[in-house]
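Only one structure is covered here, and it is reproduced in the block below.
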Amino acid sequence: MTELKGKKILLGITGGIAAYKSAVLCRELKRLGADVRVIMTTAATRFITPLTLQALSNQPVHNDLFEAESDHGMGHIELARWAEQIVIAPASANTIAKLACGQADNLLVTTVLASHAPLYLAPAMNHAMWRHPATQANVELLISHGVKIVGPDAGEQACGEVGTGRMLEPGEIAEHLQQQFQHNFLAEKQVVITAGPTWEALDPVRGLSNRSSGKMGYALASACKDAGATVKLISGPTALHPPYGVECINITSAQQMADAVMANISKCDIFIGVAAVADYRPVNSEKQKIKKNQETVTIEMVRNPDILAMVAALDNAPFTVGFAAETENITSNAQQKLTAKGVDMIAANPVSGDNSAFNSEFNELSLIDRNGITHLSRCSKILLAQRMTKEIARRYHETYSTKDS
Ligand code: CTP
């Protein structure tokens with residue numbers, strides 16, 4: 001991929017130990033042909049010197065909000081207008097908080113506020129800071145403004161603790177930026193995506209559900225929207241904020257999901273069933289809370305509609321993509337689902353062991369269609385969704401150009 005050739009990328013660096021990786025990111029962006037300008041916060045200059053970034057970007061490094069003249073003829077307004085894309089890596093909890101409330105007390109956040117360029121943040125911080133409700137609320141707010149959050153990664157941290165908070169590797173951040181400059185390959189297409197778990201009520205307070213977080217479905221909705229599609233996301237209960245620009249229809253049970261899909265499928269070009277739909281629901285959902293007055297209970301269950309198979313069986317069915325969450329014989333089970341449900345493509349992923357996709361930021365997929373298997377290696381669900389969207393679009397366009405000719 002060389003989509004960064006000649007692209008004007010503003011790299012913001014904030015104060016955190018991951019700032020040393022920003023030098024590698026700067027170098028990678030230059031290697032991909034981008035024109036890179038760097039703003040460092042004062043805290044960032046405590047971790048890595050401006051001279052390093054100056055040498056790598058081949059440009060003066062910006063830091064001072066008030067001395068535009070001495071700041072190499074480019075004040076915040078010029079930098080804001082110049083940038084085609086802004087990436088802040090690492091993005092500290094402090095800078096994320098400032099951006100969320102529109103603060104403008106240093107050159108970096110002021111430039112972001114003055115710019116129309118798409119903003120990417122690669123957070124890096126201690127895992128407890130990342131998990132803190134204040135940081136999470138700030139991130140949710142920024143997502144609702146259309147900001148792209150890439151990472152953070154999980155693993156051992158510089159502070160010696162283990163958790164989610166490491167900055168993504170520079171190569172992966174660069175790939176996110178490359179994706180944005182690709183063409184609108186799903187322009188004018190309508191995409192319907194199901195995501196998350198369903199909840200099958202046993203009584204007013206209890207129910208049957210599963211461990212799906214909804215992250216993969218939401219990431220796909222975001223990737224399809226970025227590729228130019230109009231996206232409807234039909235989601236079971238999750239803790240996620242719908243991606244910017246995506247219409248989200250919230251449902252609870254499998255039957256409600258089926259009804260919502262059928263009500264929105266007529267103009268749909270591509271359907272992606274990512275939801276972990278409950279296969280069965282209790283025959284009776286009790287009106288009152290069930291009392292524990294018996295030693296054992298038996299719950300009679302009845303099959304739920306198979307939404308994916310229903311969509312694939314429609315006259316004029318959209319290009320239909322299903323997921324197969326498997327604990328064993330991943331490829332052969334997925335191949336059986338492809339045929340049994342009559343879909344165009346199945347994305348198979350492991351849901352047991354160390355690489356389980358459930359409730360993880362990461363996943364890997366085998367894309368299976370009638371022509372064979374394409375393996376997408378393990379990476380963040382956001383990046384994986386972007387790669388998968390391209391694969392779906394390619395197959396969609398191939399299928400429909402063949403049908404038309
Ligand atoms: N799916 C669906 N409606 C259902 C069950 C599943 O739309 N009632 C979709 C899921 O969204 C996914 C695909 O079917 O895209 C595969 O789901 P999965 O649970 O892996 O497989 P099942 O078909 O349920 O088969 P099994 O549980 O026997 O593995």
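Just follow the structure's listing: the first ligand is 1, and inside any ligand the first atom is 1.
At least one test fails for Lys390 against the ring of Phe185: distance under 6.0 Å to the centre or angle within 45° of the axis.
A side-chain donor-acceptor contact under 3.5 Å links Thr374 and Arg395.
When atom types are taken as modelled, the side chain of Asn126 and the backbone of Ala128 share a donor-acceptor pair closer than 3.5 angstrom. Within the 3.5 Å criterion, the main-chain N or O of Glu328 finds a donor-acceptor partner in the side chain of Asn333. A distance-only check finds no donor-acceptor pair linking the side chain of Glu172 to the backbone of Cys379 [under 3.5 Å].
Within the structure, the salt bridge (charged side-chain N to carboxylate O under 4.0 Å, His left out) test picks out the following pairs touching residues 288-313 (sequence neighbours left out): Asp306-Lys341.
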Under a 3.5 Å threshold, I'd like every N/O contact between ligand 1 and protein atoms, with atom names and distance.
unit_1	atom_1	unit_2	atom_2	d
ligand 1	3 (N)	Ile307	N	3.1
ligand 1	7 (O)	Ile307	N	3.4
ligand 1	7 (O)	Leu308	N	2.9
ligand 1	8 (N)	Pro305	O	2.9
ligand 1	11 (O)	Gly273	O	3.4
ligand 1	11 (O)	Ala275	O	2.6
ligand 1	14 (O)	Lys341	NZ	2.8
ligand 1	15 (O)	Gly273	O	2.6
ligand 1	15 (O)	Phe323	N	2.8
ligand 1	15 (O)	Phe323	O	3.3
ligand 1	20 (O)	Ala325	N	3.2
ligand 1	20 (O)	Lys337	NZ	2.9
ligand 1	21 (O)	Lys337	NZ	2.9
ligand 1	23 (O)	Lys341	NZ	2.6
ligand 1	24 (O)	Asp279	OD1	3.0
ligand 1	24 (O)	Asp279	OD2	3.2
ligand 1	27 (O)	Asp279	OD2	3.2
ligand 1	29 (O)	Lys337	NZ	3.0

